[in-house]
Every structure is written in structure tokens, then in C-alpha cells.
Amino acid sequence: MDSATAHLRTSDQAVRREGPGDAMRSGASAGHGRLTRLWRGHPDDPSWARPSMCGVLAATAVIYFYNLTASGWANSFYSAAAQAGSVNWEAFFFGSSDAANSITVDKPPAALWVMALSVRAFGLNSFAILLPEVLMGLATVGIVYSMVRRHFGAAAGLLSGAVLALTPVAALMFRFNNPDALLVLLMTLGAWGTMRAVEKGSIKWMALVGIFLGFGFLTKTFQVFLVIPFVGIAYLVAARTTLKRRLLGLGVGLGAMILAGGWWVLIVQLVPASARPYIGGSQDNSFWNLTFGYNGFGRLSGNETGSVGGGGGPGGGSGGGMWGVTGITRMFGSEVGSQVSWLLPSALILLGAGIAFRGRSPRTDLRRAAYLVWGGWLLVTALTFSFMAGIFHQYYTVALAPAIAAVVGMGATEAWERRHHAVGSITLSVATAAAATWSFILLTRVTAYGDWLRASVLAIGMAAAFLLLALNWLHHKAIPLVLAGAIAAGLAGPAAYTWSTVNSTHTGSIPAAGPGGMGGMGGGGGAPGGGRGNVPAVRDGAAPGGATRGAGGGMGGLLDASTPSTAVVSALESGAGDYTWVAAAIGSNNAAGLQLATGKPVMAVGGFNGSDPSPTLAQFQSYVKAGKIHYFVAGGVGGGGGRSSGSGSQISSWVTAHYKKVTIGGSTFYDLTQPTSSSSSSSAS
């Protein structure tokens, strides 16, 4: 009888001898043991690992929840859609801009589902809108920690988690209601599932990866596909199973992704157009047009029908356009660099070194597989963002944050394990010097922190880099100070930007992290619980705060909504039950402010840009004839501008020619219940 069999028999005998009292004591002991394990963590980890991880998550929660509702509705475009989905299940399913289902937002609805459920649970308010994003951020930090810790140790996981939490654009987007928070979480879950699939050689885990990425498609269409190539390569190369099962696993993962991302698309395509809302962002009421055009290849080429403008130079060269200069240095430029690139040079150095360190490892080496997953994610996404000539905003770069964080933690640990050899100490030194130098350069681009921060970062970082070359000659008590200096030099800059970010108000469609952070086309606009955008911009015909000046008197702008006056809200709520839409406005943000203030459906003519051909003039006329719309908001954006084929300008011209103009609370409307054949106007307060 071998020792294992003897151990099992002895254990079985002990169980049989156990009496009722022993069982109770055993149960209590087991419960205490579970609590101990929950706090203690994995038995192979040092005793400080789990408490430190809990501390990182707690600190992240404090940072991300701090001052959360100051941003009010944040992106009113999505907040209005969440409000619609919270009161109407059809609007919930399709992702409609209003509860009467005139048109959808210009993305699939997965991110809206989460927000709409939160609004159903907690009511329509800023906290309910933004809470899911914070929870997604905490989950993403926790998953990155867990993944890196599993194969590189607790210290590597903690470093990766801290880097992610303090990345400025992550602190921005995990507190903002664009779809990117859910997208990044699902991409991270896909990477996590891939590593488990590689480790176990599991086809079931690859199916789960496919589900995560499929729902990523339902969040922001093709962007999730950027992580797919190296997810597949890592499993094909490193999975601990036969080649046949590896190929089968890839097929199962692909099939699961198609099912998870395709079921909603299939339903939308099968439902007659007359029985569902118009697909916003498309020019032919087709989700495929939205996916492959406006949200697809048009983003790469710049040829985006319905967009507000073009992109960079042809073929992704170095030419500049409405969306900034494209090229290999784009991630380091003045518009993007401070959002995410603080540790990007160090990550690239550590990625190259890490792959070299694993060069002679077996095919199934899990560390090399991790470099393939995270490093591939980093390189493919960074290069795509660098050369895409279509719509590009700074906040897109949040998709790089988990990959940069993971690579930094993994590569630094690999180098530290080789610190007594030249290759390890030199790698650590170069990576530290790169982080300090690049942080110094980024901090010179702003005046918010004075000279002391950048000078301190550079001095401490360079001192740490020099001492890392001399680790073999340092006293062991000095080494923790050197490491603390290296980490401080790398994280001080992004931490300062993160603190500025959470102390700022962010509203509108193009937020940006940092002091006074606002995107290249951002705008102001009031919101409950918060003020205006960080740097209110004056657009063509618009005053700061989003209210259109002069003829038109519109209620918002292209990129943000404004808060209507009490008089406007009262007028729209009066008799609201008699109408399908209490008002119609050109452009989704013009409509969003009214809808969020009243809780009633407001038709967004032309969708986000005002450039979608929905509704047509004939359709709008039929709605008015049937008494379904009360007011039309004067002015607004879009209306078929640019390369669009929108009908907003036709509708606006028809309304102004045939209906009475009224002034309510200083804003101009047309009362669609009062036709007139003259050009006279009346006023009412």
C-alpha cells in the first residue's frame, strides 16, 4: 500500500470516528479557515500579498468614487439613452436614444444595458449613471492583478494593479459613461480567459474567451477585435494540449464569439425596419452599414459617411486632419501622450527584454504566453491608434492601459529576478530612466504642477536608475529605498494627472484626463450635480455652456447638452401624456438635455451628428399631422451638413415656414400644434 492510499484511508477513518460535536467544531473551524484563506490569499504568496492587494483596490475605489457626481450626466448622449432604456424595454434592447424609439445611439447597446439597469435600481441620477463604470474599473484592476500574480508573483501583480489604477485616462474613463469602460473590462476578461485556456489546454475556457469578446463587439463593435490576433496566437502556440485540440479550441472560441456577438445583430436584422427604431450612425438604417462604415473601416481610412469631419493624411501617414496627426509618434504627441504614455517607453523596453528572457523556454511556457497576450494587445492597439485616419479621440487610449500595466509588472519582475546579472540590472536601470525622462518631458507640457514635480521625478528617477546598476554592491537595507525611488519616479507624474482628473468636471462627448482636461472638440454644458466642461469652448454660433446664440436659439450643441430652464421643463411637461415626443431637436445632444430634465421622450432628428436621414421629411410631417410631437427646438447642429444625407435642414425649413415660433424661458421653439401660414411670431413665457 503506497503512502497516498494510506493517507486517504487514515483520513476516511478519522471522518468515520467524528461525532456530532466534532462535526460542529469542524464546521466552525472550516468557516474560520475560509475567512483566513480569504484574507491570507494563495498559500504560496507571502503574507503581505492579499492585504496589499485589498489595499490597492480600496485606494482605487476611494480615488474613483471621489467627486464622482461632479460630472453630472457626463456624456448626455449615453445618459439619455440609459434613461430611455430604464423606462422602456424596447428602448433597452435596441439602445434607443428615447423611450419612444425614434432612433438608436451609434453603438451597439451592451454598455447601455448596464447603465439602464443601474438607473432602474437607483433612479435617474448622476451616481446611478456612473456607478457601473467605477465598478468596472475596480474589476479590471483586480483581474490584471490576479493574472499577473498568477504567473509572475504577488509583487508583479501589485505593481501592475497600481500602474493601471493611476493611469490618467483609466481614472477618467472608469468614471465616465462612454462604452469604453465595459469594453476594456471585457477585453481584460478575454485576456484572463486566454491565459487560463493556455494553462489548462482547455477548449471550454476558449469558449468563454469567445463569449467575452463577442459581448465586447456588442459594446463597441470592431475595436475589441484588436486583441484577437495574439489571443489566438498565444493559445495556438502555448496551450498545454495537442495541436488538434488547439485548433479545435480556436474554432470553438471563434464560434462562441460569433454567437455571443451575433444574436443581437441577427434579431435587429430580422425585425422589420418599421417595427424598430432607426439604426443611428448608419445612412441606410442598417446595423451592417454602421458596423463596417461609420464604426468600422471608415475609422481607419477616414472615409466616414455621416461623420462631422475627416481624418489624417491618406493611408495613415503623417498628415494632420480634424482628428490629429497620424504616425508612429502619435501616442507620444501633445494631445495623447499625457493620457496614457507615461510608462509606454518602459513597457516597450520591458516587453522586448521579457520576450528575450523567455527565448529558450518550452513551447508551453506560461510567462511567454503572457507576453504574447499582453504584448500583442499593446502593440496592435497602439499601432492601430497611431495610424487610423478617421475619428480618433484621446480617451480611446484607455484600451492600452491594462496592457501597459501588465507588461510593466511582468517585465520588471523578470528583470528583478536577474538583477545579479548585467542583463537584469541594465534592463531595470534603462526602464527606470526612460520612465523618469518621459515623465519629465510630459510634465514640461503643463504648468499646473510647477517645476518642483518634474525636477523631483527626473532627479529621483535618474538616481534610482544609476543605483540599480550597482545592486550587487549596495547594502541590503538600501535596496528597498532604491526600488521605492524607481517606482515613485514612474508613478508620480501619472498620479498627479490622475488627481487632477478626479478633481475636475468632465462633460460632453470628448473628455480628456489631466489638469483642465478636455478633448480637442469638447464643449461645456451644464448637468445636474456638476458644472460645465473643464474648458468651455466657443463653437460656431455657440456660446460657452452649449446654448446656441443668435437665430435658432438651440438648446445644446454637437458635443454636449445644456440644462434647460425651469420654464422650458414646465412647458414640455404640460400635457406630455398627449404626445409621443414632447419635443424634437436636431442632433442627439440637443434632445438629450431636454429628455434628461423632463424624463419624457424627445426625438433626436438626424441622430448624434444630426446627419442621419431619420426621420425623413415625409415621416416627420406624418408625425406632426398625427399630433405626436409638441415642440420643435429651433436651430441645432447637423441637418445634413458635411457629407451627410440627413434631412434635418429640410425638416427645420418646413417647420419654420408652417408653425408658430414661441419663446420659452429665453429659448426658441416652434409649437407644432399651432400651424400658421404667415411669418409672424408670438412669444410666451
Side-chain angles (χ1 to χ4, degrees), residues 45-60 62-63 141 145 148-149 152-167 342-347 349-350 353-354 357 404-443 449-499:
D45 286 346
S47 59
W48 51 261
R50 180 59 65 88
S52 298
M53 181 272 288
C54 293
V56 169
L57 289 179
T60 303
V62 170
I63 294 171
V141 171
Y145 163 83
V148 176
R149 181 211 62 81
F152 292 84
L158 288 172
L159 178 58
S160 295
V163 170
L164 175 57
L166 293 177
T167 300
W342 299 84
L343 291 171
L344 181 54
S346 299
I349 292 167
L350 294 169
F357 292 154
I404 292 173
V407 169
V408 167
M410 297 187 307
T413 298
E414 287 263 37
W416 178 253
E417 292 171 351
R418 295 163 175 78
R419 63 189 179 277
H420 297 304
H421 302 281
V423 65
S425 61
I426 290 174
T427 300
L428 289 170
S429 177
V430 172
T432 301
T437 303
W438 184 238
S439 290
F440 175 81
I441 293 172
L442 290 175
L443 290 169
Y449 311 110
D451 296 330
W452 68 270
L453 180 59
R454 62 184 179 185
S456 299
V457 164
L458 185 63
I460 295 173
M462 288 305 178
F466 175 78
L467 292 173
L468 284 168
L469 293 174
L471 283 175
N472 290 331
W473 296 277
L474 292 178
H475 192 279
H476 67 91
K477 292 184 178 180
I479 292 177
L481 295 177
V482 174
L483 293 179
I487 294 172
L491 293 182
Y497 257 71
T498 293
W499 184 243

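Side-chain contact between L491 and L343 is present, with heavy atoms from C-beta onward closer than 4.5 Å. The shortest distance between side-chain heavy atoms of F466 and V482 does not fall below 4.5 Å. Considering only heavy atoms from C-beta on, H420 stays 4.5 Å or farther from L471 through its side chain. Using a 4.5 Å heavy-atom threshold, the side chains of L467 and I479 count as separate. Residues L350 and T427 form a side-chain contact, since some pair of their non-hydrogen atoms from C-beta on lies under 4.5 Å apart. L428 is not listed as a side-chain neighbour of R418, based on a closest heavy-atom distance of 4.5 Å or more. I404 is not listed as a side-chain neighbour of W342, based on a closest heavy-atom distance of 4.5 Å or more. At least one side-chain heavy atom of V423 sits under 4.5 Å from a side-chain heavy atom of F357.
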Hey, mind stepping through T60 and L166 against side-chain contact (heavy atoms from CB on, under 4.5 Å) and telling me if it holds? CA-CA 8 Å; T60 303; L166 293 177; over 6 Å; no

Please lay out, stage by stage, how M462 and T437 fare under the test side-chain contact (heavy atoms from CB on, under 4.5 Å). CA-CA 8 Å; M462 288 305 178; T437 303; 2.9 Å; yes

Verdict with reasoning, W48 to L158, per side-chain contact (heavy atoms from CB on, under 4.5 Å): CA-CA 11 Å; W48 51 261; L158 288 172; 3.4 Å; yes

Between L483 and W416, is the side-chain contact (heavy atoms from CB on, under 4.5 Å) condition met? List the steps. CA-CA 10 Å; L483 293 179; W416 178 253; 3.6 Å; yes

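Rounded to the nearest 0.5 Å, atoms CG (L159) and CE (M410) are 11.0 Å apart. In this structure, W499 CH2 and I63 CD1 are separated by 8.0 Å, a value rounded to the nearest 0.5 Å.
Across every non-hydrogen atom of T432 and A465, the tightest pair is CG2-N, 4.1 Å. The shortest non-hydrogen separation linking A436 to A489 is CB-CB, 4.3 Å. Taking each heavy atom of A434 and P345 in turn, the nearest pair found is CB-CB, 4.3 Å. The nearest pair of heavy atoms linking G485 to I460 is O-CG2, 3.5 Å. A pairwise comparison of heavy atoms in A154 and Y145 identifies O-CE1, 3.9 Å as the closest pair.
Side chain of S429 to backbone of L468: no donor-acceptor contact under 3.5 angstrom is found. For S346 (side chain) and A431 (main-chain N/O), a donor-acceptor pair under 3.5 Å exists by modelled atom type. For S160 (side chain) and A405 (main-chain N/O), a donor-acceptor pair under 3.5 Å exists by modelled atom type. A donor-acceptor pair is defined here as one N or O able to donate and one able to accept, closer than 3.5 Å; no such pair exists between the side chain of S425 and the backbone of L469. Here the side chain of H475 pairs a donor or acceptor atom with the backbone of K477 at under 3.5 angstrom.
A cation-pi arrangement is absent between R454 and Y449, since the terminal nitrogen or guanidinium carbon is not both under 6.0 Å from the aromatic centre and inside a 45° cone about the axis.
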